[in-house]
2 protein chains.
Amino acid sequence: MKEGPDIAQIGALIGDPARANMLAALTGGRALTATELAGVGGITLQTASTHLAKLEAGGLLAQRKQGRHRYFTLADEAAARLIESMMGFAAGRGHLRHRPGPKEPALRKARICYDHLAGDYGVRMLDSLISSGSIDAVGDGLALTEKGESDLKCIGVDVGALRSSRRPLCRSCLDWSERRAHLAGSLGKALLASFLDKGWARRATESRSILFSPEGDRQFLKLFPLETN
Amino acid sequence: MKEGPDIAQIGALIGDPARANMLAALTGGRALTATELAGVGGITLQTASTHLAKLEAGGLLAQRKQGRHRYFTLADEAAARLIESMMGFAAGRGHLRHRPGPKEPALRKARICYDHLAGDYGVRMLDSLISSGSIDAVGDGLALTEKGESDLKCIGVDVGALRSSRRPLCRSCLDWSERRAHLAGSLGKALLASFLDKGWARRATESRSILFSPEGDRQFLKLFPLETN
DNA sequence: GCGATGCTTCGGTTACGATCGAAGTATGAA
DNA sequence: TTCATACTTCGATCGTAACCGAAGCATCGC
C-alpha cells in the first residue's frame with residue numbers, strides 16, 4: 001500500500017463546504033476577488049484568505065494580482081474538469097445543496113460551465129449538432145465533421161484558428177442538471193462566445209445563468225432544432 | 001449561490017486518508033472485506049466499519065454480504081472513474097503518497113486499473129492499437145475500427161458480445177504513472193481478461209501489479225509493437 | 001447447544017482544522 | 001503624508017469527526 005497518488009489531499013481540499021462553494025462559484029469562469037469569494041463561502045475575509053492559500057498550494061486555483069485586488073480563477077482546464085466531474089457524480093447520487101425542485105429555472109435552462117454553454121440549451125445544442133451531422137459521436141468521444149466545419153463558418157466561428165490551440169476542439173462534459181452530455185472544449189467556448197457577441201444572450205451578474213433575449217432565443221432555437229423522430 | 005450539486009460531501013468522504021486508502025485499494029477491482037480494508041487504511045475494524053458505512057451512504061461503495069463476510073467494491077464504473085480522475089489530477093500536481101522515485105517498478109510497468117490494464121504496458125497497448133489502425137483516436141474519444149474488430153477476433157476477443165452491454169466499448173483513462181491515456185471500457189476489460197486467461201500474466205496477491213510471465217511478456221510485446229518513426 | 005470469527009454499535013477521548021478578532025503589510029487615493 | 005481599501009498573519013477558541021476499547025449481533029463450524 002501507500003503507492004500511487006494521494007487523493008486524500010485534494011479530497012480534503014474540496015471537502016470543506018466553504019471551499020467547495022468557492023470552487024463552484026469559480027466554475028462560472030469569472031475571476032473573483034478574495035472578498036467576493038469570502039461572500040460566496042459565507043465566511044470572513046481572514047478565513048477565506050487561508051482557504052484560498054490552501055487551494056492554491058493544492059494546485060486547484062491560480063491567482064493574479066491586479067492593483068490591490070487579488071483575482072482567483074480555477075488553475076486550469078484540468079482543475080475545472082475535476083470540479084465538473086465531481087458535480088456530475090454528486091448530482092447523480094442526489095447530493096444537492098438545496099431542496100430539490102425547480103428552484104432556479106433559469107439556471108437549468110442555460111448557464112455557463114467554466115467557459116461553455118450548459119443546461120437544457122447546452123444539451124440541445126449538442127444533440128442538434130450531432131443529428132445534423134456536424135459532430136460525430138464516435139466511440140466515447142466527439143469529433144467535428146467537414147460539414148460541421150463549413151456550417152460553423154456560416155455562423156461566424158473560425159474553426160481553423162481554434163485548431164492551432166493545444167486544447168481539444170470538442171470535449172463532452174456531463175451536465176449535472178440534465179444528466180446528459182453537452183459540448184465543451186475550445187469549440188464549445190467559441191460557440192458561447194459568439195452567442196454573447198451577437199447579443200443573443202448575456203451573462204447574469206450574480207449567478208451562472210445565461211440570459212437569452214427574446215430574439216436570441218428565437219435564433220438559437222432555429223439554429224439548433226430538435227430531432228423530431 | 002447554494003445552487004447545484006454538493007461537491008463538499010463527496011470531497012469530504014474522499015478527503016480522509018483512511019477512506020482514501022480504502023478507495024484506492026478498491027480501484028484494484030477486487031472485492032475486499034471490511035477487515036482487509038481496515039488493514040489498508042491502517043485503522044481498527046471498528047473505525048473501518050463506520051468509514052465504510054459512510055462511503056456506502058455516499059454512493060461510492062457497494063457491499064455484498066456473503067456468509068459472515070461483507071465484501072466491498074466501488075459502487076459502479078462512475079465511482080471508479082471519479083477516483084481514477086482524482087488520481088490523475090493528484091499525480092499531475094505531484095501529490096504522491098510516497099517519496100518519488102522508482103519505488104514500485106512492477107506497478108509502473110503493469111497494473112490493474114479497476115478492471116483493465118494500466119501502467120507502461122497499458123499505454124503501450126493503446127498506442128500500438130492506434131498506430132496499427134485498430135482504434136481510431138478521433139476527436140477526444142476512442143473508437144474501434146472494422147480492422148480492429150477482425151484483428152481482435154484473431155486474439156480471441158469477441159467484440160460482438162461486448163457491444164450488447166450498455167457499457168461503452170472504448171474509453172480512454174488517464175494513467176497516473178505515465179501521464180498518458182490507456183484503454184478502458186469493456187474492450188479494455190476484455191483484453192486484460194484474455195491475457196490472464198491465456199496465462200500470459202497473473203494478478204499479484206497483495207498489490208495492484210499485473211505480473212507477466214517471460215513467455216507472456218514476449219507475446220505481449222510482439223502483439224503490440226511500438227511505432228518506430 | 002458452544003465457541004470462534006466477522007462485523008456493528010456505543011461511549012468517551014483526543015486532535016485537527018475551521019473560524020474569527022486583532023494586528024500587520026501592501027497598494028492606491030487624496 | 002495620511003487615510004482607506006484589500007488582503008495576510010497571528011493567536012486563541014471551539015466543534016466536529018476520527019479513533020479505539022468494550023460490548024452487542026450475526027453467522028459459521030462443531
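Computed from a predicted model, the values in this text were never measured in an experiment. In what follows, chains carry the letters A, B, and so on, assigned in the order in which the sequence lines appear, proteins first and then strands, with residues in each chain numbered from 1.
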K.L.:
Which residues pass the side-chain hydrogen bond (donor to acceptor under 3.5 Å, both in side chains) test with A:Ser85, sequence neighbours left out?
P.N.:
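A:Ser85: no side-chain hydrogen bond (donor to acceptor under 3.5 Å, both in side chains) contacts found.
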
K.L.:
According to ring-ring contact (aromatic ring centres under 6.0 Å, His included), does anything in residues 201-220 of chain B pair up with another residue at least two apart or in another chain? List the pairs.
P.N.:
B:Tyr121-B:Phe212, B:Tyr121-B:Phe220, B:Phe195-B:Phe220, B:Phe212-B:Phe220, B:Phe220-B:Phe224

K.L.:
Does the pair B:Trp176 and A:Ile7 meet the rule for a side chain to side chain contact (heavy atoms under 4.5 Å, CB included), with working shown?
P.N.:
CA-CA 12 Å; B:Trp176 56 257; A:Ile7 56 177; over 6 Å; no

K.L.:
What I want to find out is whether B:Arg218 reaches B:Glu215 closely enough, with some N-O distance under 4.0 Å, to be called a salt bridge.
P.N.:
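Salt bridge between B:Arg218 and B:Glu215, a charged N being under 4.0 Å from a carboxylate O: yes.
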
K.L.:
First contact, last contact: which nucleotides of DNA chain D are these for chain A, 5' to 3', heavy-atom distance under 4.0 Å?
P.N.:
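Range of nucleotides within reach of chain A: D:dA4 to D:dT9.
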
K.L.:
Could you tell me whether B:Asp175 and B:Arg111 make a salt bridge, using a distance below 4.0 angstrom between a side-chain N and a carboxylate O?
P.N.:
yes

K.L.:
Could you list the residues that satisfy salt bridge (charged side-chain N to carboxylate O under 4.0 Å, His left out) with A:Arg93, not counting sequence neighbours?
P.N.:
B:Asp76

K.L.:
Quick check: on DNA chain C, is the nucleotide nearest A:Leu45 upstream (toward 5') of the one nearest B:Thr33, or the reverse? Name the residue that is more 5'.
P.N.:
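Nearest-nucleotide comparison on DNA chain C picks B:Thr33.
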
K.L.:
Are B:Leu117 and B:Leu191 side-chain neighbours, meaning at least one heavy-atom pair lies under 4.5 Å?
P.N.:
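Sidechains of B:Leu191 and B:Leu117: no contact.
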
K.L.:
Would you mind reading off the distance between B:Phe72 atom CZ and C:dG6 atom P, rounded to a whole angstrom?
P.N.:
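One finds 15 Å between P of C:dG6 and CZ of B:Phe72, rounded.
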
K.L.:
Taking DNA chain D as the partner, which of residues 8-18 of chain A come within under 4.0 angstrom of it by heavy atom?
P.N.:
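Heavy-atom contacts with DNA chain D come from no residue of residues 8-18 of chain A; none.
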
K.L.:
Can you list, in residue-number order, the parts of residues 46-68 of chain B that come under 4.0 Å of DNA chain C, counting heavy atoms only?
P.N.:
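Residues of residues 46-68 of chain B under 4.0 Å from DNA chain C: B:Gln46, B:Ser49, B:Arg68.
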
K.L.:
Between A:Asp16 and A:Lys54, is there a salt bridge with N-O shorter than 4.0 Å?
P.N.:
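A salt bridge is absent here (no side-chain N lies under 4.0 Å from a carboxylate O).
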
K.L.:
Less than 4.5 Å apart, any side-chain heavy atom of B:Leu142 and any of B:Leu129?
P.N.:
no

K.L.:
Under 4.0 Å between a side-chain N or O of A:Arg70 and OP1 or OP2 of C:dA26?
P.N.:
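Answer is no, no contact under 4.0 Å.
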
K.L.:
Keeping B:Lys198 on the side-chain end and B:Gly216 on the backbone end, is there a donor-acceptor pair under 3.5 Å?
P.N.:
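Here the side-chain-to-backbone pair does not exist.
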
